[in-house]
Amino acid sequence: MRIIRAPAMNDPRPYEPASIETKWQQTWEAAKAYKVRDDLPREKCYYVLEMFPYPSGKLHMGHVRNYSIGDAVARYKRMRGLHVLHPMGWDSFGLPAEQAAIERGAHPAKWTYENIAYMRGQLKRMGFSYDWTREFACSDPGYAAREQDIFIDLVEKGLVYRKSSLVNWSTGLNCVLANEQVVDGKCWRTGMPVVQKELPQWYLRITSYADELLAQLDALKGSWPDAVLTQQRNWLGRSEGAEIDFAVDGHPEAKITVFTTRPDTVFGVTFMSIAPEHRLVDAIVPASHRAAVEAFRAEVRAVSAQERMGDTAEKKGVFTGAYAVNPVNGRKVPIYAANFVVADYGTGAVMAVPAHDTRDFAFARKYGIDIITVIQATDAKHPEWMKLQAGEDAYTEAGVLTASAQFDGRPSEDAKREITAWLESTGKGRKVVTWRLRDWCLSRQRYWGNPIPYAYTDKLGAVPLRKQDLPVTLPQDVVFDGKGNPIERHPTWAVTAKDGSPLTVRGQDGPEAARRETDTMDTFMESSWYFARYTCHDNTAADLGCAAPLDRKRVDHWLPVDLYIGGIEHAVMHLLYARFFQKALCDVGYSAKREPFKRLLCQGMVCMETLFREKPGEKKQYFYPDEVDVERDAKGRVITAVAKSDGQPVQIGRVEKMSKSKRNTVDPQALIEQYGADSARLFVLSNVPPELDVVWSEDGIRGSHRYLKRLWVLVTDNAERLRGVAPYSGKAAEVAGADQAVVRKVHAVIKRCTDALEKDFAFNTAVAQCMELTNELKPDALRPDVLKLGLSTLVRLIAPMSPHIAEELWELLGGTGGVTAAGWPAFDESEIAGDSVEYPVQANGKVRGKIVLSRSLAGKDLEAAVLASDVVKAATEGKTIKKLVIVPGKIINLVVG
RNA sequence: GUGUCCGUAGCCCAAUCUGGCAGAGGCGCCACGCUCAGAACGUGGAUGAUGGAGGUUCGAGUCCUCCCGGGCACACCA
């Protein structure tokens with residue numbers, strides 16, 4: 001049994017995070033401390049937003065980090081006197097809810113809203129300063145209804161269309177995926193294979209905004225991470241070139257248009273590659289080659305998208321038996337159906353110039369096709385050029401044209417323009433720009449999403465619903481058995497109007513019986529405008545179908561978001577869709593701000609060491625940390641690790657992103673219970689800058705907790721006697737010794753903290769500064785007013801990171817009105833440096849000693865004082881000074897010989 | 001392969017933008033204090049060719065060039 005010593009009379013109150021944190025959370029809630037108004041001057045306002053979570057059940061460490069960063073910024077900005085909009089909500093449509101319904105029988109809505117309730121409680125327990133009055137979930141009827149209104153606006157603007165096309169069909173989800181959701185040919189969510197399937201789908205015309213989406217990336221440089229800008233640029237994939245029309249020999253009605261970025265090489269075309277699915281293939285293939293082409297097409301189709309896209313796939317083709325005629329020189333070239341030609345990029349056909357394209361070169365070699373050089377390198381020693389001379393590889397760089405009729409001798413860049421112009425003038429080609437970006441496929445054959453507000457009739461086809469007939473709400477009585485789309489199988493929903501009567505749409509001769517669209521929208525739709533909705537979440541009239549989705553005045557007051565924080569995994573999908581959507585919202589009249597996020601911060605992952613055993617031919621067996629004993633040497637390096645269960649060795653693996661499957665996770669709830677929210681928040685902000693990965697360790701969080709305890713003891717030990725003392729507010733020079741050092745330190749630390757937060761949100765260095773100041777504050781050595789200055793500064797500096805303890809200590813020190821209202825402490829640059837400077841003295845770059853001189857010394861006086869010093873005399877003994885470098889306030893360097 | 005970021009103590013990182021004594025902070029380690037002992041706490045301490053080679057400079061972790069190593073992104077896109 002443990003013997004617990006009774007506390008002595010003057011023992012300070014112990015640090016009990018749970019009670020302090022609950023107390024202040026209740027205080028903030030009761031005071032609606034973080035509710036923000038919409039009618040204050042914008043320059044006094046700040047909008048900080050973290051990517052809202054999918055309500056999967058409970059918070060994970062990634063959330064804790066993301067939201068701790070955002071909250072620290074929000075609290076810091078408030079202390080700087082700004083009115084901060086800091087909202088939170090739920091990205092609550094999506095597949096896991098349906099998965100849960102299938103597995104556990106709970107309705108997706110029930111499961112989702114129970115999760116939201118639990119996670120909201122966790123966020124509140126973390127003490128995040130959200131304006132909870134603006135909270136909403138995307139699956140709330142109000143939000144989904146507003147989204148349908150916007151959808152109809154987009155329809156009227158011509159941004160929505162339906163087309164039948166090959167789509168990515170996830171065999172795991174029985175559902176269509178966007179290109180971005182296909183990773184290495186597999187479903188990004190389930191990892192199951194993705195196959196191509198022909199289906200009619202709804203699309204949003206994001207490609208109409210391609211130019212603007214690209215152009216405005218330049219303006220985001222410096223405010224968004226380069227990695228994100230690059231990824232978006234790659235994704236948009238703008239490519240400038242020419243389309244050239246080739247006639248087909250013996251088929252005067254047929255014409256194959258190719259797209260090329262190298263019109264300067266057109267005289268070197270020796271064959272053409274065409275996508276096997278190209279619509280002209282059947283028309284031009286002679287009977288003699290039909291069987292071979294059909295077989296090839298079947299073979300290509302059988303190969304999964306994954307293999308076809310990967311660079312391991314062999315480049316293959318089959319001669320179609322047809323010939324194309326090169327419009328510039330009349331040369332007849334064979335047409336090959338090739339597996340590497342993508343049907344829906346460019347024109348689905350490529351002119352092949354083996355001399356100047358690596359892939360064409362390999363293909364020509366394989367099938368024995370001619371190689372004609374039409375570009376000459378200007379540098380005869382160019383390695384690629386020498387390879388072409390040796391018949392080893394193509395020369396793909398720019399050069400000078402040859403064997404190109406009237407263009408001989410022209411440089412590539414000029415020839416591109418001139419040849420394109422010539423083709424244009426003869427009607428055989430034209431300058432074009434193509435994009436890698438495709439339109440956004442919106443349809444999902446799923447239940448738990450927002451219904452697409454369309455209906456179909458036999459006569460009219462697809463008809464958008466009128467706004468007064470909205471919203472379309474999901475049927476409640478559906479069956480989840482994992483076999484396809486539950487809405488589609490509902491007996492009456494698709495043909496029943498809001499009021500229960502049979503669904504009709506208005507036709508020319510009166511109402512016509514109609515059937516609803518049963519597809520729901522991609523959930524990236526909801527996350528494309530939620531940041532705008534936070535500014536006016538209450539814009540909801542009694543009749544849901546009639547209120548405007550957004551209040552333009554408030555949207556434009558708050559947007560763009562000043563700081564948006566989230567994971568880099570959203571670099572393309574979410575962030576590109578949201579940028580597009582904001583522009584579309586502008587064009588339907590809901591905003592004038594064309595970019596949604598002014599600054600973007602992508603925080604790193606929370607990682608942890610993995611522990612595993614591996615046997616040949618078996619999957620890795622992972623261990624939880626508490627199942628393993630680790631032994632370290634004197635330097636802290638790991639010597640051995642063994643499992644507690646059997647004493648056998650365990651391997652220590654890489655530090656990897658926390659995941660359940662690797663058993664390297666930590667439950668934030670347990671951290672809160674053991675150490676408190678303040679310690680958890682401080683830990684995820686310490687040690688590394690926000691954009692780097694942070695490695696979780698038990699020792700690490702104990703370190704953060706230990707620091708808060710030290711701060712607690714330091715303040716509570718002295719609070720009583722300091723309560724009535726005013727913090728020292730005079731000059732540093734007016735006090736002496738340790739007091740003066742502390743006053744200077746206070747100014748220096750405030751400056752460094754402020755710089756760290758203003759420049760890069762470098763909370764790690766801000767925390768370090770707080771610790772440094774704490775280490776300097778020795779109560780017994782300081783005047784009470786100087787100590788009070790130090791403590792009251794410290795408490796305010798730590799407040800954005802660990803707000804509960806800061807509030808409590810602020811109150812104990814006699815502060816009123818809360819630590820936020822107290823404001824961020826100010827500093828005076830001139831108070832940081834002392835009157836004297838300790839100059840290091842270097843001789844030929846090596847430090848020989850130090851001399852202390854008055855800061856006010858300058859010019860000849862300073863030089864004289866330096867030369868007179870013992871250190872300089874000793875260093876120059878018997879040598880001559882060739883050069884004397886004196887940097888006032890910094891250093892002295894002697895060049896001697 | 002191309003682009004980009006990075007490489008500082010046993011580990012995570014400051015200092016790099018704006019050149020000036022290599023170290024703010026944390027973890028780990030060691031010693032001492034406290035303790036019957038440990039934990040906790042406190043006090044103190046050790047640890048480096050700043051990945052390598054050149055260059056610029058009075059002076060380079062910092063700027064320039066090349067190389068090595070690593071991360072991330074892109075990579076049949078015509």
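Letters A, B, ... mirror the listed sequences (proteins, then strands); counts begin at 1.
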For this session: Remember a base hit wins even if backbone is also touched, and classify Leu884(A) as base, sugar-phosphate or nothing at under 4.0 Å, heavy atoms.
Result: nothing
For this session: Using a cut-off of strictly less than 4.0 Å, decide whether Arg233(A) has a side-chain nitrogen or oxygen near OP1 or OP2 of rC74(B).
Result: no
For this session: Compare side-chain N and O positions of Arg359(A) against OP1 and OP2 of rC77(B) and report whether any pair is under 4.0 Å apart.
Result: yes
Exercise. Of the candidate nucleotides rC77(B), rA78(B), rC21(B), which contains the atom at the shortest distance from the side chain of Thr260(A)?
Worked result: rA78(B)
For this session: State whether Tyr707(A) places a side-chain N or O below 4.0 Å from either non-bridging phosphate oxygen (OP1 or OP2) of rG25(B).
Result: no
Problem set entry | Check: Ser68(A) and Phe683(A) side chains under 4.5 Å, non-hydrogen atoms | no
Problem set entry | Among rG25(B), rC13(B), rC58(B), the one nearest Glu772(A) by side-chain distance | rG25(B)
Exercise. Does Lys883(A) make a side-chain N or O approach to OP1 or OP2 of rC58(B) shorter than 4.0 Å?
Worked result: yes
For this session: Consider the side chain of Pro840(A), meaning its heavy atoms from C-beta on, and name the nucleotide among rC21(B), rC12(B), rC13(B) that approaches it most closely.
Result: rC21(B)
Exercise. For Arg710(A) and rG42(B), is the shortest distance between a side-chain N/O and OP1 or OP2 below 4.0 Å?
Worked result: yes
For this session: With heavy atoms under 4.0 Å as the rule, sort Lys850(A) into base, sugar-phosphate or nothing.
Result: base
Exercise. Can a side chain N or O of Lys778(A) be found less than 4.0 Å away from OP1 or OP2 on rU43(B)?
Worked result: yes
Exercise. So what does Val895(A) touch, heavy atoms closer than 4.0 Å: a base, only the sugar-phosphate, or nothing?
Worked result: sugar-phosphate
Problem set entry | Under-4.0 Å side-chain N/O to phosphate OP1/OP2 contact, Arg706(A) with rA40(B) | no
Exercise. Is there a side-chain polar atom (N or O) of Ser239(A) under 4.0 Å from OP1 or OP2 of rA78(B)?
Worked result: yes
For this session: Look at the side chain of Asp699(A) and the base of rC27(B), then say whether one donor and one acceptor between them are separated by less than 3.5 Å.
Result: no
